[in-house]
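We name chains A, B, ... by the order of the sequence lines, and we start the count at 1 in each one. The figures that follow rest on heavy atoms only: side chains count, while hydrogens, waters and symmetry mates do not.
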Number of protein chains: 4
Amino acid sequence: MVDGPPRRADAQRNRARILDAAEAVFAEFGTRASTEEVARRAGVAIGTVFRHFPTKDDLLAAIMKRLLAKLVEEATERDLFAFFRHVVAQAAAKKAAVDLLAGSGVDVRIPDAVEHLRDAVGRLLAQAQDDGVITASVRLPEVMALLASLCQGALHGGWDDHLQARTLAVVFAGLKGC
Amino acid sequence: MVDGPPRRADAQRNRARILDAAEAVFAEFGTRASTEEVARRAGVAIGTVFRHFPTKDDLLAAIMKRLLAKLVEEATERDLFAFFRHVVAQAAAKKAAVDLLAGSGVDVRIPDAVEHLRDAVGRLLAQAQDDGVITASVRLPEVMALLASLCQGALHGGWDDHLQARTLAVVFAGLKGC
Amino acid sequence: MVDGPPRRADAQRNRARILDAAEAVFAEFGTRASTEEVARRAGVAIGTVFRHFPTKDDLLAAIMKRLLAKLVEEATERDLFAFFRHVVAQAAAKKAAVDLLAGSGVDVRIPDAVEHLRDAVGRLLAQAQDDGVITASVRLPEVMALLASLCQGALHGGWDDHLQARTLAVVFAGLKGC
Amino acid sequence: MVDGPPRRADAQRNRARILDAAEAVFAEFGTRASTEEVARRAGVAIGTVFRHFPTKDDLLAAIMKRLLAKLVEEATERDLFAFFRHVVAQAAAKKAAVDLLAGSGVDVRIPDAVEHLRDAVGRLLAQAQDDGVITASVRLPEVMALLASLCQGALHGGWDDHLQARTLAVVFAGLKGC
DNA sequence: TATGAATGAGAATTCATTCAT
DNA sequence: GATGAATGAATTCTCATTCAT
């Protein structure tokens, strides 16, 4: 009932509007922003938000799921380096997502979505190693760890483009293995 | 009156107990933990916490200051690689500190303490470059960015020792410049 | 959403009950009385009070507005002397209102309502001067000043009917100009 | 122990400084100002204030007593009209005193001091009636009521000199009985 | 289903008062 | 006597969640 998409057209529309609003609000103010603010931004009543997402954590989980799915999609269109650049670049705009990936007290369980992203990155890594641009000794876990770390850093560090490029350059050099 | 350390011995003791309690509580639950909980853990009344630190942010700032000062001290006893390892290793236990370094909505201004840490790391970097173990093209900003990123990653990613070692290995390879 | 009166019937009823309770509570204990006490007297939860009046000052302002509006209404049904008598007579029962008219630290901005009262009294004054029962040299500002002063005095002085009559008699004699 | 002046010279000095500070602080911020602020202004520790005045109300009562005594003194040097002018003129600067005369929730019992003031004003009234400048039908209670009312009005109404003069003129005309 | 009002458990902060130093 | 740290009840305000309309 909660997971599956609602039947009625207006309900589906509301669900989408709520997700969009939530993404925007939590991106701007972090997960501390109130659900009321999300409702306001979505143009629906607070009750509607809670009907679609019984708890705030459910709403946050839904955002994450959607965001991760988008990342998976984007991963298929780039090589590993470009993907890193892309993800890190938009990390700062996704306060909520990064907070969530980070934990930040909220209890959000979305193992599947994370798993899918891991798979996608795994494919990029394999490709890069096939191409010889990443050393063979590197494994997926540390690549994921680096990706997550850099997102956090980018988000909270307020990096400008230049700093981001230089920081990624160090990590890329490390991945290439010299 | 409020800024300097208190004169009386019992007040100093309480101040320290509050800081210790706050560090523990915020480390465990993040900055969302209540000041009341800190007071409870410190074994003092809530008013005592607010007498020492007029706002919650002041308390958080004090924790950060102390932690950064300790890091500066620790930086002098290690080379850059060992320092990275050390800091990242204990990052996971310092939820609050990392949250704060991260921003997380709380308004905590401690520019001096951060500056001192930057200086200390700068010295380690210079030394490492003198020793030829880090490539000359690397600059302090990206080193700080990497350090902060890895702390975040370690904190929120729940890395085990092995993953941490492998992740740092990639970054260290990048710093060495191959 | 917050400003206008609520749409739903039950909300309107609650709003009125809260205003009534607040008027009673603040009349009895002054503006220092707690919002919690108002909620209790109104038979609603504390959150409901704050939903209707986001800050305590908003609640106080709303009371004042309502009271001043009632005064304006009452001004139209009496001559200036009767109006003075009437207002001063009930002043003692309106601790909060008088406190507020008085300032008392609370920040309550209701210029319009005050302006309307001033207009109403201005009309009474003009009428009285037309009728020749008040000397022509008297102006509105001092009439308002006297009215406010007497309210304060009546409130805090604990006047009985007799003292009130005698005090007003002096002021009325002054207004008549002998 | 509490009422009588303390024996030791420094204690007497402290008592006076505390009273001065309290008068200034409460005049500026009203009776809501904290006792801590009074201590700060007096340059003593909070404990010293409470040693001299076991409760805040005791402190307020002491201020009132002193102020009323001064008024009594001043009453002997003027005629009734000048005294009214004088008292009303400085009312605005004596927020606390007026608040207290007013009641404002604080429990301050100083019947003697008020009685003395009443006596002094009684003498002025008798003199004025002897001189034929105030009509014989006016009695002391309404004169006191008018004085108190006008102080409140002046304090909270923010009267300028002109408005004050015009307002007093009406009351004086009433007292003269035309 | 949607609405939005009501609930009530916290959370931060203040301050009169007490008491150890 | 003076100091100033500690206490803790009280207060304002927030917000996730429930439920009547």
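The side chain of Thr48(C) places no N or O atom within less than 4.0 Å of a non-bridging phosphate oxygen (OP1 or OP2) of dA5(E). Between Asn14(A) and dA2(E) there is a side-chain N or O to OP1 or OP2 distance below 4.0 Å. Taking side-chain N and O atoms only, Arg51(C) has no distance below 4.0 Å to OP1 or OP2 of dA6(E). One finds a side-chain N or O of His52(A) lying less than 4.0 angstrom from the OP1 or OP2 phosphate oxygen of dA2(E).
Asn14(D) is not listed as a side-chain neighbour of Val49(D), based on a closest heavy-atom distance of 4.5 Å or more. By the 4.5 Å heavy-atom criterion applied to side chains, Thr35(A) and Phe53(A) are not counted as neighbours.
By the 4.0 Å N-to-carboxylate-O rule, Arg15(B) lies too far from Asp10(B) to be salt-bridged with it. Between Asp20(D) and Arg66(D), at least one side-chain nitrogen of the basic residue sits less than 4.0 Å from a carboxylate oxygen of the acidic one, meeting the salt-bridge criterion. Taking the charged nitrogens against the carboxylate oxygens, Glu23(C) and Arg41(C) have no contact shorter than 4.0 Å, which rules out a salt bridge.
Toward the 5′ end of DNA chain F lies the nearest nucleotide of Gly47(D), the other residue of the pair Gly47(D) and Ser34(A) mapping further downstream. Residue whose closest nucleotide on DNA chain F sits further toward the 5' end, between Gly43(B) and Phe50(C): Gly43(B). Where Val44(A) and Thr35(D) each meet DNA chain E at their nearest nucleotide, the meeting point lying more 5' is that of Val44(A).
Look at CZ on Phe29(C): it is 16 Å from C1' on dT11(F), rounded to the nearest Å. Arg13(C) places its CZ atom 9 Å from the P atom of dA6(E), with the value rounded to the nearest Å. Going from atom CD of Gln12(A) over to atom P of dT1(E) covers 11 Å, rounded to whole Å. Rounded to whole angstrom, the span from the CZ atom of Arg40(C) across to the P atom of dG8(E) amounts to 13 Å. As a whole-Å value, the separation of Glu36(C) CD from dA9(F) P is 15 Å. Rounded to a whole Å, the CD atom of Glu37(A) is 17 Å from the P atom of dT17(F). Rounded to whole Å, atom C1' of dT11(F) lies 13 Å from atom CG of Asp57(C). Rounded to an integer number of Å, the gap from Asp58(D) CG to dA16(E) P is 13 Å.
Listed nucleotides: dA2(F), dT17(F), dA2(E). Nearest to the side chain of Ile46(A): dT17(F). For Asp10(B), the side-chain atoms get nearest to dT21(E) when compared with the rest of dA16(E), dT21(E), dA2(F). Considering only side-chain atoms of Lys56(D), the nucleotide from dG8(F), dA16(F), dA16(E) that sits closest is dA16(E).
The partner of dG8(F) is dC15(E), judged by Watson-Crick or G-U wobble contacts that both fall below 3.5 Å. When both pairing distances are held under 3.5 Å, dT21(E) makes a Watson-Crick or G-U pair with dA2(F).
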